[in-house]
J.: 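The structure that follows is given in the form of structure tokens.
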2 protein chains.
Amino acid sequence: MHRDIDNCQCHGHTGCMAGPKTLPLLDPACCAPLVRAPLDAAAATSLARTLKALADPARLRLLSMVAAHEGGEACVCDLTEPLGLTQPTVSHHLKVLVDAGLLTRDKRGVWAYYALVPGALDAVAAVLTSQDVAVRI
Amino acid sequence: MHRDIDNCQCHGHTGCMAGPKTLPLLDPACCAPLVRAPLDAAAATSLARTLKALADPARLRLLSMVAAHEGGEACVCDLTEPLGLTQPTVSHHLKVLVDAGLLTRDKRGVWAYYALVPGALDAVAAVLTSQDVAVRI
DNA sequence: CCCTTGCATAGACAACCGTCGATGACTGGA
DNA sequence: TCCAGTCATCGACGGTTGTCTATGCAAGGG
């Protein structure tokens with residue numbers, strides 16, 4: 001019943017064997033898909049931290065709004081009004097997403113532009129799914 | 001800039017055009033991957049509810065322990081001791097996962113057997129990822 | 001018919017979370 | 001130099017959550 005955590009095959013998703021600092025919150029969970037072997041406490045805590053950042057309606061909408069915005073980036077003033085929340089609340093949610101490694105923040109002049117971290121959401125999805133997937137494009 | 005929500009292509013993941021009652025919490029988010037178009041409030045709330053059920057170390061470990069257990073099912077007494085939590089707490093977490101549509105509960109005699117809902121985690125992963133994936137096996 | 005076993009529920013409590021208004025910091029013009 | 005605009009931080013408040021102990025309920029064996 002021993003499962004091959006050691007003999008891990010990474011499927012090329014971001015954050016796996018890609019250096020020391022990429023997606024730190026996801027690394028422990030890397031190569032240990034949820035349904036293949038029991039998670040140890042550390043990996044569970046790490047993955048839960050990332051999922052907790054995602055598990056909020058406002059933050060999910062922020063992610064999708066940033067992704068759908070022209071240029072793949074948006075500043076706070078673009079997001080406040082369509083989201084229907086105050087500017088401090090939007091800033092707070094964006095900070096949570098940045099801290100979780102899901103968004104990047106780029107301050108240019110007076111504006112702060114937020115953008116998706118490429119592959120971050122895919123890495124979360126890869127841990128959740130049991131299917132061995134092939135990227136089509 | 002109009003994105004094709006109407007002209008939706010389902011990739012065959014569970015809960016999509018598969019009847020009225022399968023995975024109710026995921027249906028609103030179906031066919032609207034996070035990064036393709038802005039989520040409306042209802043879809044965001046629905047997806048957040050499912051992710052909130054996942055965003056806890058104990059529940060993540062429970063999911064993986066149930067999946068890795070022999071026969072793909074486990075009763076509460078199998079999970080309490082390795083998890084290091086009391087029996088009421090384990091029962092509470094299992095109820096949260098059942099209510100989220102991620103686990104099934106089958107009472108046989110004195111024991112309650114929990115098992116993964118097939119495709120439930122894959123459906124969550126499919127919403128999170130932007131990649132058009134092909135199942136290999 | 002009792003007694004043990006497995007599980008769910010109820011109630012309580014501390015910790016955490018989402019939201020707000022108020023305020024401060026910084027940038028770029030007039 | 002002052003002002004307007006953008007954003008982050010602070011402090012506060014109500015609601016939610018994870019955990020526990022205590023208790024109830026059902027099944028099965030003496």
Side-chain angles (χ1 to χ4, degrees), chain A residues 25 39 41-42 44-63 65-66 69 71 73-100 102-115, chain B residues 25 39 41-42 44-63 65-66 69 71 73-100 102-115:
Chain A
L25 292 178
L39 254 55
T45 301
S46 173
L47 179 56
R49 203 170 359 231
T50 301
L51 288 172
K52 208 162 291 200
L54 283 172
D56 182 89
R59 289 197 285 269
L60 287 173
R61 295 188 69 191
L62 281 174
L63 279 180
M65 288 165 64
V66 165
H69 204 263
E73 62 178 11
C75 58
V76 181
C77 58
D78 293 325
L79 306 167
T80 301
E81 184 265 341
L83 195 58
L85 295 175
T86 64
Q87 175 265 319
T89 302
V90 173
S91 276
H92 161 69
H93 285 310
L94 290 171
K95 176 175 170 51
V96 172
L97 291 170
V98 169
D99 291 346
L102 298 169
L103 283 184
T104 60
R105 178 180 179 275
D106 179 29
K107 182 115 185 180
R108 295 202 298 270
V110 193
W111 296 274
Y113 291 92
Y114 291 86
Chain B
L25 293 178
L39 253 55
T45 301
S46 173
L47 179 55
R49 207 176 349 239
T50 301
L51 289 172
K52 207 162 292 199
L54 283 172
D56 181 89
R59 289 197 284 270
L60 287 174
R61 296 189 69 194
L62 281 174
L63 278 180
M65 289 165 64
V66 165
H69 204 263
E73 62 178 11
C75 57
V76 182
C77 57
D78 293 325
L79 306 168
T80 301
E81 184 265 342
L83 196 57
L85 295 175
T86 64
Q87 173 265 318
T89 302
V90 173
S91 274
H92 161 69
H93 285 309
L94 289 171
K95 175 176 170 51
V96 171
L97 291 170
V98 168
D99 290 346
L102 298 170
L103 284 184
T104 59
R105 178 179 179 274
D106 180 28
K107 181 117 185 178
R108 295 200 298 271
V110 192
W111 295 275
Y113 290 92
Y114 290 86

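Protein chains get the first letters and strands the later ones, always in sequence-line order, with residue 1 at the start of each.
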J.: In whole Å, what is the span from the CH2 atom of A:Trp111 to the P atom of D:dA8?
T.: 14 Å

J.: Rounded to the Å, how far apart are B:Leu94 CG and C:dG6 C1'?
T.: 13 Å

J.: Is B:Arg59 reaching over with its side chain to a backbone N or O of B:Leu54, donor-acceptor style, under 3.5 angstrom?
T.: no

J.: Just to be sure I understand the rule, does A:Tyr114 reach a base, reach only the sugar-phosphate, or reach nothing, if contact means heavy atoms closer than 4.0 Å?
T.: sugar-phosphate

J.: Using whole Å, report how far CG of B:Asp99 lies from C1' of D:dG18.
T.: 16 Å

J.: Could you grab the distance from atom NE2 of B:His69 to atom OH of B:Tyr113, nearest 0.5 Å is fine?
T.: 9.0 Å

J.: Walk along nucleotides 10-25 of chain C from 5' to 3' and tag each nucleotide B, S or - by protein heavy-atom contact under 4.0 Å, base first, then sugar-phosphate.
T.: --------SBBBB---

J.: A:Met65 versus A:Leu63: any side-chain heavy-atom pair under 4.5 Å?
T.: no

J.: Would you call A:Glu73-A:Arg105 a salt bridge at under 4.0 Å N-O?
T.: no

J.: Within this structure, what is the CG-to-P distance between B:Leu97 and C:dA8, rounded to whole angstrom?
T.: 12 Å

J.: Taking atom P of D:dA8 as reference, at what distance in whole Å does atom NZ of A:Lys107 sit?
T.: 6 Å

J.: Spell out, as yes or no, whether a donor-acceptor pair under 3.5 Å connects the side chain of B:Thr45 to the backbone of B:Ala41.
T.: yes

J.: How long is the line joining OH of B:Tyr113 and P of C:dG6, in whole Å?
T.: 11 Å

J.: Are A:Arg105 and D:dC7 close enough that a side-chain N or O sits under 4.0 Å from OP1 or OP2?
T.: no

J.: Tell me if a side-chain donor or acceptor on A:Asp78 pairs with a main-chain N or O of A:Cys75 at a distance below 3.5 Å.
T.: yes

J.: Would you mind reading off the distance between B:Leu83 atom CG and D:dT19 atom C1', rounded to a whole angstrom?
T.: 12 Å

